[in-house]
Amino acid sequence: MLARICAVLIVAIAARAGVGLGAAARPASPSKAERQKQRAKPKGRPKAKGPAKPKRRAPDTRPIKPKTKPTPKTRRWLFKAERGMVASDSAEASKAGAEILQEGGNAIDAAVATSFALGVTRPYSTGPGGGGFALIYLSQTKETVAVDFREMAPGDATWDMVVEARKKDPNAPPASRIGGLAVGVPGLLAGVEHVLEEFGTMRLDQVIDPALDLAERGFKADADYVAACKKAISQYRRNPKLVTKYGTLYRTLLNRGQPPAKGQVIRRPELASALRLIASAGVAAFYEGRIADAILLAVEKAGGIMTIEDLLNYRVRERKPVRCTYRDFEILAVPPPSSGGIVIAEVLNILSRYPLADIHADRPDEAAHLFVEACKHAFANRSRWLGDPAYVRVPQRMLTGKTYAEMLAKDIDLTKTHPTKRYGTTRIHDDKGTSHFCVVDADDNVVAWTETINLPFGSLVMTEPFGIVLNNEMDDFSAEPGKPDAFGLRTGTCNAIAPGKRPLSSMSPTIVLDADGLPMLTLGASGGPRIITSVLNVLVNVLDYDLTLGEATEAVRIHHQWQPNDVRFNGRPDPKLVASLKKRGHRIGKQRAIGIVQAIEWLKDNTLLGASDPKRGGRPAGY
Ligand code: DON
C-alpha cells in the first residue's frame, strides 16, 4: 500500500515538475578549455594500485559451498588463473587485456586495452563508434563506481524525427535503426579516457598498443566473425539500396559481399590509423580532430543531424551503483540510463521472499514460474518508469526497495500467470551487437564493462577514413510511438527522444560481494533485454542453486520481458517444465539464444575462474 502511495506521489510530483519530454535544459556548449579541464585529473583521488601482488587476499573466509570441480581442460571457454583474469567474447581481446595485466597494469588499464582490442576484432558488436557502462570496484578503498559513457541524442534530435522519416519514406527501414538518424553521439572513447585518467596507471598509448598490433598485423576470423559478416551481407542482398546508401561498410569490412573464411586473417589498416592518431594526440582527436570530421561527414551523408557541438558536448557521468542485498550477498549494478541494475534488484528482491533453492530442488517448474513472474513485474516497471535521470524522475528507491518487492510478491499466484496489463501499463507516447567483458587484477580490483554499437554493425554507417562503424543506439529510445524497438521492448514517454538525452539501456555489468564484502563474482552479458535475464539466470544458478560457474553459464536460460508476452528459453528446457508453465497460462515463444555471458569467479583456493559463454567463441585469458 505504502509503495502504491509513493508511486502516486511520484507521478504527481513528476507531473508538476513537468518532467518528461524535453524538460531538462541542455547543458551550455563548453569551451575547449572547459573540456580539457573536465578531462584533467582531479587531485587526491586514490588510484587502483598498479603492479601485481602475489597474494590477493587474506585467507578465504567465505562460506564453503559444495561444488563439483570445473573441468577447464575439456572446456576451453573456462580458464583458471592465479593472479589476474580477463573474460571477453573475443580470444584476442582477452589476451590483449591479460598482456597489460602481466606488464603490471591494473584492472582498469587492462579493461581499456580489452575495449580497444574488441573494437578491432568485434566491429559488428562494438568499437569507438559506440558507448557503454563500466562498474569499477577498487579494492584499496572498497569503493565501487558506475561509469556511464552511453551515447547521447544529438542536440537537434526531436521526439518525432523517426516518425517523420517514416512518413517521408514508408518503405525504408526504420530510421532509428539504419542510417545517419540512428546514430547517437558516441561515448566510448570519452569513457576510456575518463577511467584511465581516474583509476588507471598506464598511458593511453601503452594500452592502445595491443589493439594497434591486432589492427595492423591482423587477427584470424573466428566462427562468430564469419557468421556476423554473412548475416550483414544477406541484409544488404535483401535490400540492394543499402549498397548504394551505406557502401563504405559493404566495400570494406564486408568485402563487397564476399564473407571471410574461418581462419582468414583480417587486417584493419584504416582503424589502425585512427588508433595511432588517438595514441599520439589523445582522445581529443576523436571528438574534435580529424576523426570527428570523418564522423560528421559520414553521418551527414547518411541523412543524420550530428554536429561538432554534439561531439564536444559529450560528457561521461560517474554514478552511484545500484545496491541490492540478496540473501548473504550484495549485488552491485549500474543505474539509469541503464535499466539493468534496477530490474536485477527488483527481480532479486521479489525472489528473496521465497526459499528458491528448496523450491527449485522439489519443484523446478514452480521456481521457473516465480522467476518469470518476477521478470514480468520488473520489465513492466522498466517500461513505465525508466529513462535518462537527467530528463525523468526515476523512482529508483521505490523500485529497488524491499517493501515494493513484498507488494509485488503478494501479487504472484503460484498456480497461474496474469494478463499482461496486471503487471503495468506504459503510456506509449504518441545478437550480435554488444560485448561484455570483466577483468580482475592481482589486487582484486574489478572491472565489469559492457559496450555496444547496438545492432550488428550498428547503423551500417561507417566513416570513410578510419573505418569506424557508427552505432544505432537511437533505436533504444521509444523512437516510434506504439512500435517496439528491435528487441521487442516497448517503452514510453520516459524514454522518448530529446536533445542530449541518453537512451534507456539493458546493459548490466554486475559485481557480487560476499558476506565479508569481498568480490566473489563479476559478470555481464550481451543480448539486448536478454542481458538482464542472462545475468539473473547465472546469479540465481550460482547463488541459489549452487552450480559451478561453468554449469551456471551452460545451463538453459529462461527469459521474459513482459512484452511480448512469452517465455523464451535458450537450449532445450525440460518438456515437463514447459508443460507445467503452459498449464499456468504462460505462452512459450520461439527458442533462441539468450545473451552471451562473460564472468569471473573467485574460487575457494584463491584462484580465479573465467568463463566466456561457449555460444560465441570467446576465451578468457589470465596468468
Ligand atoms: O543498450 C542496450 O540495451 C542495447 N543497445 C544492447 C544491444 C545488444 O546487446 C545487442 N546484442 N547482442
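We count residues from 1, following the sequence as given. All values below were derived from every heavy atom in this structure, side-chain atoms included, with hydrogens, water molecules and symmetry-related copies excluded.
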> Apply salt bridge (charged side-chain N to carboxylate O under 4.0 Å, His left out) to Arg502 and Glu151, showing your working.
CA-CA 6 Å; Arg502 298 173 193 228; Glu151 292 86 341; over 6 Å; no
> Verify side chain to side chain contact (heavy atoms under 4.5 Å, CB included) between Met507 and Ile531, making sure each step is shown before the conclusion.
CA-CA 6 Å; Met507 287 186 264; Ile531 291 174; 4.1 Å; yes
> Of the non-hydrogen atoms in Gln396 and Pro336, which two are nearest, and what is the gap between them?
OE1-CD, 3.7 Å
> To the nearest 0.5 angstrom, please state how far the CG atom of Asn255 sits from the CG atom of Leu253.
9.5 Å
> Using a 3.5 Å distance criterion without hydrogens, assess whether the side chain of Ser338 forms a donor-acceptor pair with backbone atoms of Pro335.
no
> Rounded to the nearest 0.5 Å, how far does CG of Leu214 lie from CZ of Phe219?
7.5 Å
> Quick one: closest heavy-atom pair of Ile511 and Ala448, and the distance?
CG1-CB, 4.3 Å
> Go through the structure and list residues passing side-chain contact (heavy atoms from CB on, under 4.5 Å) with Ile108, not counting sequence neighbours.
Ala48, Asn106, Ile136, Leu138, Val195, Phe199, Val447
> Just how far is it from atom CG of Asp388 to atom CG of Leu504, taken to the nearest 0.5 Å?
9.5 Å
> Any side-chain donor-acceptor pair under 3.5 Å between Ser612 and Gln598?
yes
> Have Thr434 and Ser125 got a donor and an acceptor in their side chains that come within less than 3.5 Å?
no
> Start with the C-alpha distance between Trp602 and Asp514, add both sets of side-chain angles, then the distance that settles side chain to side chain donor-acceptor pair (under 3.5 Å), and finish with yes or no.
CA-CA 10 Å; Trp602 282 254; Asp514 65 14; over 6 Å; no
> Can you check whether Phe133 reaches Trp449 side chain to side chain, under 4.5 Å on heavy atoms?
no
> Compare every heavy atom of Glu92 with every heavy atom of Thr121, then report the nearest pair and how far apart it is.
CG2-CB, 4.0 Å
> Can you tell me how far the CG atom of Leu470 sits from the CG atom of Asn454, to the nearest 0.5 Å?
13.0 Å
> Out of curiosity, Phe116 CZ to Leu271 CG, how far, rounded to the nearest 0.5 Å?
9.5 Å
> Whether Asp476 and Arg150 form a salt bridge (side-chain N of Lys/Arg under 4.0 Å from carboxylate O of Asp/Glu) is what I want to check.
yes
> Counting C-beta onward and ignoring hydrogens, is there a side-chain heavy-atom pair between Val86 and Ile100 closer than 4.5 Å?
no
> Would a distance-only check, ignoring hydrogens and angles, find a side-chain to backbone donor-acceptor pair under 3.5 Å from Asp224 to Gly617?
no
> What's the separation between atom CD1 in Ile468 and atom OG1 in Thr463, rounded to the nearest 0.5 Å?
4.5 Å
> Charged N to carboxylate O under 4.0 angstrom, Asp89 versus Arg616?
yes
> Any sub-3.5 Å donor-acceptor pair from Arg267's side-chain atoms to Arg217's backbone N or O?
yes
> Counting C-beta onward and ignoring hydrogens, is there a side-chain heavy-atom pair between Ile344 and Ile532 closer than 4.5 Å?
yes
> Listed by chain and number, what are the ring-ring contact (aromatic ring centres under 6.0 Å, His included) partners of Tyr124, not counting sequence neighbours?
Tyr225, Phe457
> Got a donor-acceptor contact below 3.5 angstrom from the Thr114 side chain to the Ala110 backbone?
yes
> Does Gln264 have more than 12 heavy atoms from other residues, nucleotides or ligands lying within 6.0 Å of its CD?
yes
> Is there side-chain contact between Ser505 and Ser339, with at least one heavy-atom pair below 4.5 Å?
no
> Apply side chain to side chain contact (heavy atoms under 4.5 Å, CB included) to the pair Val439 and Met85, showing each step before the final yes or no.
CA-CA 6 Å; Val439 186; Met85 174 84 77; over 6 Å; no
> Could you check whether any side-chain N or O of Thr607 sits under 3.5 Å from a backbone N or O of Leu603, counting only pairs where one atom can act as donor and the other as acceptor?
no
> Evaluate side chain to side chain contact (heavy atoms under 4.5 Å, CB included) for Leu513 paired with Leu518, printing each intermediate quantity in order.
CA-CA 5 Å; Leu513 306 181; Leu518 296 173; over 6 Å; no
> Check Phe437 against Ser88 and note the closest heavy-atom contact, atom names and distance.
CB-CB, 3.5 Å
> Report yes or no: does Asn471 contribute a side-chain atom to a donor-acceptor pair with the main-chain N or O of Thr452 at less than 3.5 Å?
no
> Give a yes-or-no answer on whether the side chains of Ser139 and Asp443 include a donor-acceptor pair shorter than 3.5 Å.
no
> Are the side chains of Ile295 and Phe286 in touch, meaning some heavy atoms are under 4.5 Å apart?
yes
> Provide the closest heavy-atom pair for Glu99 versus Pro210 in the form atom of the first, atom of the second, distance.
OE2-CG, 3.8 Å
> With no hydrogens and no angle check, do the side chains of Thr126 and Glu451 hold a donor and an acceptor under 3.5 Å apart?
yes
> Counting distance only, does the side-chain N/O of Tyr391 pair as donor-acceptor with the main-chain N or O of Lys501 below 3.5 Å?
yes
> With heavy-atom distances below 4.5 Å as the criterion, would you say the side chains of Ile278 and Val283 are in contact?
yes
> Which is it for Asp475 and Arg177 under the salt bridge (charged side-chain N to carboxylate O under 4.0 Å, His left out) test, yes or no, and what are the steps along the way?
CA-CA 6 Å; Asp475 193 55; Arg177 278 176 219 166; 3.1 Å; yes
> Does any N or O in the side chain of Arg268 come within less than 3.5 Å of the main-chain N or O of Gly119, such that one atom is a donor and the other an acceptor?
yes
> Closer than 3.5 angstrom, by distance alone: can the side chain of Ser94 be matched with the main-chain N or O of Arg619 as a donor-acceptor pair?
yes
> Compare all side-chain heavy atoms of Leu181 with those of Met474 and state whether any distance is below 4.5 angstrom.
no
> Go through it in stages, so that I can follow the logic: the residues are Asp613 and Thr553, the test is side chain to side chain donor-acceptor pair (under 3.5 Å), and I'd like the CA-CA distance, side-chain angles, deciding distance and then a yes or no.
CA-CA 6 Å; Asp613 202 316; Thr553 310; over 6 Å; no
> Could you walk me through whether Asp213 and Asp209 pass side chain to side chain contact (heavy atoms under 4.5 Å, CB included), step by step?
CA-CA 6 Å; Asp213 204 48; Asp209 208 46; 5.9 Å; no
> Is the closest basic N to carboxylate O distance between Lys80 and Asp605 below 4.0 Å?
yes
> Just so I know, are the side chains of Glu318 and Asp148 near enough to count as touching, which here means a heavy-atom distance under 4.5 Å?
no
> Within the distance-only criterion (no hydrogens, no angle test), does the side chain of Tyr287 pair as donor or acceptor with the backbone N or O of Ala190 below 3.5 angstrom?
yes
> Can you name the side-chain hydrogen bond (donor to acceptor under 3.5 Å, both in side chains) partners of Glu216, sequence neighbours left out?
Arg276
> Between Asp222 and Lys262, is the closest basic N to carboxylate O distance under 4.0 Å?
no
> Over all heavy atoms of both residues, which pair between Met306 and Pro186 is shortest? Give the atoms and the distance, please.
CE-CD, 4.2 Å
> Let me know which of Thr450, Leu523, Val535, Val343 forms a side-chain contact (heavy atoms from CB on, under 4.5 Å) with Ser508.
Val535
